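Note sheet for the following structure.
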Amino acid sequence: MPRRVTLSLGFAGGTRDVAVVIPDDEPTPWQFGERFTVVGAAMPRIDGPLKAAGAAKYSYDIDLPGMLYGAILRSPYPHARVKNVDFSRASRLSGVRTLLRRDEEVVRFAGQEVAAVAAISPEVASDALALIKVDYEPMPFVVDMEEALRPSAPHVFASGSNEAEAKLAGTGNVAAGFEQAAVTHEAVYTTPVQAHVCLETHGAVAKWDGDELTLWCSSQGIFTVRDDLAVFFSLPPEKVRVITAYLGGGFGSKLGAGAELVIAAQLARDAGAPVKLMLSRAEEHVATGNRPSSWQRVRLGADSAGKLIAVDLLEHGTGGVGGGAGSGRPYHAIYHFPNLRTEEHDVYTNAGPSAPMRAPGWPQGLFALELAMDEMARKLKLDRLEFRRRNNTNPVRAFEFELGARAFKWDEKSRAPKSAGPLKRGVGVAGAGWHGSSSPGPQAEVAVYRDGRVVVRTGTQDIGTGTRTILAMVAAEELGLPLERVNAEIGDTRFLYSVPSGGSQTAPSNTPAVRQAAVHLKEKLFRLAAPMIGAEPGDLEARDGTIRVRFEPARAVKFGDVCRRIAGDSLSAQGEHVPNYEGFLPDQAGCQFVEVEVDVETGIARVLNVVAVHDAGQIIDPLTARSQVYGGVIMGVGYALMEERRLDPQTGLMLNPTMDDYKLPGPLDVPEISVAFVDVANGINNTGVLGLGEAANVATAAAIGCAVYDAIGVPVRALPITPDKVLAALGKA
Ligand code: MOS
């Protein structure tokens, strides 16, 4: 029977009661002010020591007897017909076990897969690639977005235009809004193609046993990879096992089976031996995805009271041969504009395909929107934070603006006179947010063994955020145990189903399933414990390592003593994440304040400090949550100041496919980062957890752009904000 429960939802700025109906076996959602013992305490990652000691096995660390090494031959041309692939010399090389030709007749970017080899060593594999003779017929190509839009440009796809159909969204009447506007602003903002730069490259070790495939791969969606491969090889999904015990980042680029995973499995099948195929850094840069670029013409119209009444975006972006550019989404999500129109166009170019990347579209959109808002605020002679307050309707973000402004000392810093010397300081603020909550479907098992060990098992994967730790914490909380008695095993499709770690949905999708399983397991343990203390199972609670009568803590039995009564080896229970019920707000908010220092003689901008204020419903582990925000901010510093994929217009090749030439923040570029979380009792699911990974990243580059504008008095409207652009903006180029 479904139950009706009343939840008190909200935050320090106000709460309200909401009645929700939840399934019978769904635990009552954690409530505002819930007394926790494990949840909410800062816990180091339970797998931290394994990682620090090098004992955690990543896909690259998997070595199997008789294993071969795979390598991929990639097109040196950005657009070409593959007329012939001649394996005759390569096949005669000693140590080559199998060669594979890809089906594509036309390659559309430099770096696209053409052929592959499996050999007894990486060196032989690489020698074999050099012996494969491919007869290419080069075709006209275009790697620049503006060029691609010219009527005379070569077509990336024979079937049609390089410009995809517009994606339109909006509310109100923008033309009417502009007619009423007292002040307007219009400018063009651009953002570059950004590479994911996962520390661990894409790749796999593939092994066949008869018609059963096992793949150890670097994936943020093991079940998606399983299903992709099952379709590719026409196998029932249960014949494919995918294992990602540890994963060195994904950021959206590892959601499904890319070409390299399919090739690894094909080579292993053809060679009749396991194959390891991990990509090099250069391959990672050209072929595994990227954040599309953007060109955004932003028009703003405000009334004299500082309310934006008309906002219009025209956007073009290129994800190479992939779609998914578009930066309009945050225009609809952070502030409230009564008349809003966004028009987005994908533009195809002969470059590696885009992939989702940490809040697809948001960092690009917010950079343009927030900097345009600062330019408008200057025209309105309005404090930039005050301008944002007037256009924000989200109560949580309003609260966060105040909290952040105090921590950052906004009033003081934003009014400080500029230094007379060459080092100019500036401050900026931007709103954060994300629409991710969770997906139903994940299931989890919690098992307890006779020796008292508890293990959580579910087929999620830890993209690097601390998933193992928070899942174990939820089970420990529910079972009244310290965290060290609970372990979590994840990253294997032999475990119960879970969703891909994308859209910031991992924590809010999996913690409710684990909690439900832990509650079911607890009920079984209560039935074992009840006769031991002469009580009814319904009167018991699990606390402090005991099972005891509620309100009579003296009538208790040790958790371990109950476990010794387990008849077999273990006791286990399952749980699932049921569809979300009503919550306080469907989205999370957030904001970030940034201080920069710009040297107006060299043009070098440095980020000095960042105050990041975020909410993610119930924070399970403040330590790993904080670490996610650090990562988001650091990634935003790179996007703002350094990162850009450069393609050579003459050859179509990527000019900076290394970690030296593709600039990334190093330790000295990392600012001081203060993180504050606002507790929000959010409802939605039984743990009240919302995602955080994407919200933590979206505002940083925008706030840095605003701070640079404040520092030097002129806007740099193109990311990355490199010294040449700063000097050009200052008229010193
Ligand atoms: Mo994310 S871009 O959904 O991994």
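Atoms within a ligand are numbered from 1 in the order they appear, just like the ligands themselves. All values reported here derive from a predicted model rather than from experimental measurement.
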Would you say the side-chain atoms of [X] pair up with the backbone N or O of [Y], donor to acceptor, closer than 3.5 Å?
X	Y	result
Ser354	Gly323	yes
Arg358	Gly693	yes
Arg515	Asn686	yes

Original post:
Would you call Lys167 and Glu315 a salt bridge, taking side-chain N to carboxylate O under 4.0 Å as the test?
Top reply: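 Here Lys167 does not pair with Glu315 in a salt bridge, since their nearest N and O are not under 4.0 Å apart.
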Any nitrogen or oxygen of [X], main chain or side chain, under 3.5 Å from a nitrogen or oxygen of ligand 1?
X	value
Gly502	no
Gln220	yes
Gly503	yes

Subject >> Location of contacts on Met357 toward ligand 1, heavy atoms closer than 4.0 Å >> reply: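 Backbone only.
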Subject >> ligand 1 versus Arg358: contacting region, heavy-atom distance under 4.0 Å >> reply: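 Looking at Arg358 and ligand 1, just backbone atoms fall under 4.0 Å.
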**OP:** Give me the ring orientation class for Tyr189 and Phe367: parallel if the planes are under 30° apart, tilted from 30 to 60°, perpendicular past 60°.
**Re:**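 Perpendicular.
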Original post:
In terms of atom number and element, which parts of ligand 1 are under 4.0 angstrom from non-hydrogen atoms of Glu694?
Top reply: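 By the 4.0 Å cutoff, the relevant atoms are 1 (Mo), 2 (S), 3 (O).
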Original post:
Of all the atoms in ligand 1, which lie at a distance below 4.0 Å from a heavy atom belonging to Gly252?
Top reply: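 Once the distances to Gly252 are compared, the set is 1 (Mo), 2 (S), 4 (O).
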**OP:** Compute the centroid of each ring, for Phe337 and then for Tyr331, and state whether the two points are separated by less than 6.0 Å.
**Re:**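 No, too far apart.
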